[in-house]
Amino acid sequence: MRFSRVTVPTLKEKPAEAQIPSHELLLRAGMMRAVAAGIYTMLPLGALALQRVEDIVRREMNAAGALEVVLPTLHPADPWMKSGRWHQYGPEMMRLGDRQGRDFCLGPTAEELITEAVAKTAPSYRDLPVNLYQIQTKFRDETRPRFGLIRGREFRMKDAYSFHVDEGDLDRTYDRMRQAYSSVARGCSLPVRVVEAVTGLIGGDVSHEFMVVSGIGEDVLVYCGDCDYGADAELESHSPGGMFGGTEAAAPQEVHTPGLVSVEEVASFLGTGPASVTKCVLYVAGGEAVAVFVPGYREVSETKLARVLGTDEFHPMREDEREKFPAVTAGYTGPVGLEGVRTVFDLEIAGARGLICGANRPDYHLGGVEEGRDFAAEPAFDVATAVQGDACVRCGGELRIARGIEIGHIFKLGVKYSEAMGASFTDRDGKDKPMIMGTYGIGTSRILATVVEQHHDDGGIKWPVSVAPLPVEVLVISPGRREQAEAAERLTRALAGRGMEILVDDREASPGVKFNDADLVGLPLQVVIGKKLDSDGTVDLKVRYTGERRAVRVELAVEEIERALEEAP
RNA sequence: CGGGGUGUAGCGCAGCCAGGUUAGCGCGCGUGCUUUGGGAGCACGAGGCCGGCGGUUCGAAUCCGCCCACCCCGACCA
């Protein structure tokens, strides 16, 4: 493959729309171009890299016993009506009509179609389990496409679906897929944390996300530094680090705190920190006021609160609702003597002493408050977010909080779709039963961006060998010199003979341009054919990842390249 | 969807507030000569419905209105 401008149209300057390294570098390295918000064209090198990722996924899926299928991207509305998701999905689903006015959508995922397809085979227990996957373009009209390939509206995803006679059988496949996903991440040189996750719109009750810790991640995860516990921040559980409490007193003392409402304001006014201030967040649920108390350095987790309240029909109290609930004093609500309001206490409040709380009258707080003596925090629930310093519920190790990129998500679905689509099998006893399902998604285009996010430097991309679009770039410094051009030609042919296609930069350009473009494009090895060929019969071999560079004799170049590729990351 | 911002050559930007001949700059692109191991030099050149529609005006890239697109923050989603 030759490095003409059309094949690899590199950009010297950073495109204005790129906010993160992977987005910038994929554009600048000439791997892709934007078409519309969240929609991209993959150019030759980008398409090759995507294929590498998808080849790895395919290999691991096949190894895990899954069979590849191809489902349509254009879905009729009917199966989505049956599952109820035609309406649940809302505007995120790309919808369109055909010339007859029939409703279609561009598939955001494919539980409905695959379940229908398997249902039509009318399997018996002897035919199960079955695990089918596809690698296909998906469509979600994201409210906010962002970060290039990280969150697009059209993207590539591998989705797999398994069908089982019982939960135990599902568990076996689920574990296998979990292993396979870890292998995919390893194969792509991505360090991954497996975390417990919420199931959301897909449904089901158990799910795990595969997260790559990254500052640009859109999700927050909590994980243990000592064991393999990890969870999405929305449903993590933690043991409080025992940081809550302040100066104790024989009895609560009222202090004047005019106009001071936030935890930070009150704490700094009283010369202390958020560790001794009780935060109160007011909600309205079922027409009733709910006062939620958490330590000042934590936030209320609305996911956890929904579990406590038994409903997700609640919202933060709006200013215009306050007059309806005279029992609470906006900004100064405290647990002492609070009546006529539903209260929810965080676990960490139980037993805490020396607290600063709202005094339930404007412009006053109470200091030296003690739980158990001045109010009762019961029942208490885990309703707060984790913070650095909390302990792992499993091993007591220190929890860490980080942002992460979700590259994969697997679910134990149960019978949600098989019941809706009438997908049953004939069991040993001759009776029809709904199949138990699992569903497993992994974003291949997102993995591509994540690899770049994890493997780059100021000069450009540093492709790991496994996902590099091509293994080697040959830079011909003076393509006008016949010796150099011929050496490049011989090397290209020799490597092709070993099944290795390479990129050759034979442009008439100054050397600096080629060096910089080679670093930007980031193929694992660079072979520089230049003046040393004439002077001492050598070419330079540079390892992009380490920057290491050495001269090798041109007739040994093929062996040296093969060896270097085995050693490179 | 709420808030903010930006649309001027392939890319990055200036000009707009204070309307006035031919709309600039850098990179990239073409031609010629020189150069050839870390983004070369000189010379000449091509390339613009100034996002779209409408309005104000003698005159609009510039002022006003509507629309569209893109980006950021939030909400949403998983």
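Naming: A, B, ... by sequence-line order, numbering from 1 per chain.
- Two residues, A/Asp517 and A/Phe147, neighbour RNA chain B, and the one matched to the more 5' nucleotide by heavy-atom proximity is A/Asp517.
- Under the Watson-Crick and G-U wobble criteria, each requiring two contacts below 3.5 Å, nucleotide B/G2 is paired to B/C73.
- Geometrically, A/Arg95 engages A/Trp86 in a cation-pi contact defined by less than 6.0 Å to the ring centre and at most 45° from the axis.
- Side-chain atoms of A/Phe515 lie closest to B/G38 of the nucleotides B/G38, B/A78, B/G39.
- Ion pairing between A/Lys138 and A/Asp159 holds under the 4.0 Å rule for side-chain N and carboxylate O.
- Between the side chains of A/Thr385 and A/Glu299, no donor N or O sits under 3.5 Å from an acceptor N or O.
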Output side-chain donor-acceptor pairs under 3.5 Å for residues 22-36 of chain A, partner residues at least two apart or in another chain, one line each.
from	atom 1	to	atom 2	distance (Å)
A/Ser22	OG	A/Glu453	OE1	2.7
A/His23	NE2	A/Tyr40	OH	3.2
A/Glu24	OE2	A/Arg28	NE	3.1
A/Glu24	OE2	A/Arg28	NH2	3.4
A/Arg28	NH1	A/Leu11	O	3.4
A/Arg28	NH1	A/Lys12	O	3.3
A/Arg33	NH1	A/Leu27	O	2.9
A/Arg33	NH2	A/Pro9	O	2.8

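- A/Tyr440 and A/Tyr174 have tilted rings, their planes meeting at an angle from 30° to 60° on a 0 to 90° scale.
- Taking atom CZ on A/Arg507 and atom P on B/G28, their separation rounds to 11 Å, with Å as the unit.
- The backbone N or O of A/Val476 lies less than 3.5 Å from a partner atom in the side chain of A/Lys514, making a donor-acceptor pair.
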So which protein N/O to nucleotides 74-76 of chain B N/O distances come out below 3.5 Å?
from	atom 1	to	atom 2	distance (Å)
B/A75	N1	A/Thr143	OG1	3.3
B/C76	O2	A/Thr143	OG1	2.3

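- Around CZ of A/Arg481, the count of heavy atoms belonging to other residues, nucleotides or ligands within 6.0 Å does not exceed 12.
- At a threshold of 4.0 angstrom between heavy atoms, the contacts of A/Gln19 are confined to the sugar-phosphate backbone, with no base atom among them.
- For the pair A/Phe210 CZ and B/A78 P, the interatomic distance rounds to 19 Å; values are reported in whole Å.
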- Message: Does the protein touch nucleotides 8-14 of chain B at the base, only the backbone, or not at all? Give it as B, S and - per nucleotide, heavy atoms under 4.0 Å.
- Response: ---BSS-

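- Mapping A/Thr538 and A/Ser510 onto RNA chain B via the closest heavy atom, the residue that lands nearer the 5' end is A/Thr538.
- Across all strands shown, nothing is found opposite B/G28 as a Watson-Crick or G-U wobble partner with both distances under 3.5 Å.
- In this structure, the nucleotide among B/A78, B/A40, B/G37 sitting nearest to the side chain of A/Val513 is B/A40.
- Ring centroid separation for the pair A/His409 and A/Phe411 comes in under the 6.0 Å cut-off.
- Between A/Lys12 and the phosphate of B/G28, there is a side-chain N or O to OP1/OP2 separation shorter than 4.0 Å.
- Within the nucleic acid shown, A/Gln484 has no heavy atom closer than 4.0 Å to any nucleic acid atom.
- Rounded to whole Å, the distance from CG on A/Leu413 to P on B/A78 is 14 Å.
- Closest to the side chain of A/Lys531, from the set B/G37, B/A78, B/G38, is B/G37.
- For the salt bridge (Lys or Arg N to Asp or Glu O under 4.0 Å) with A/Glu112, the qualifying choice from A/Lys82, A/Lys416, A/Arg85 is A/Arg85, the only one to do so.
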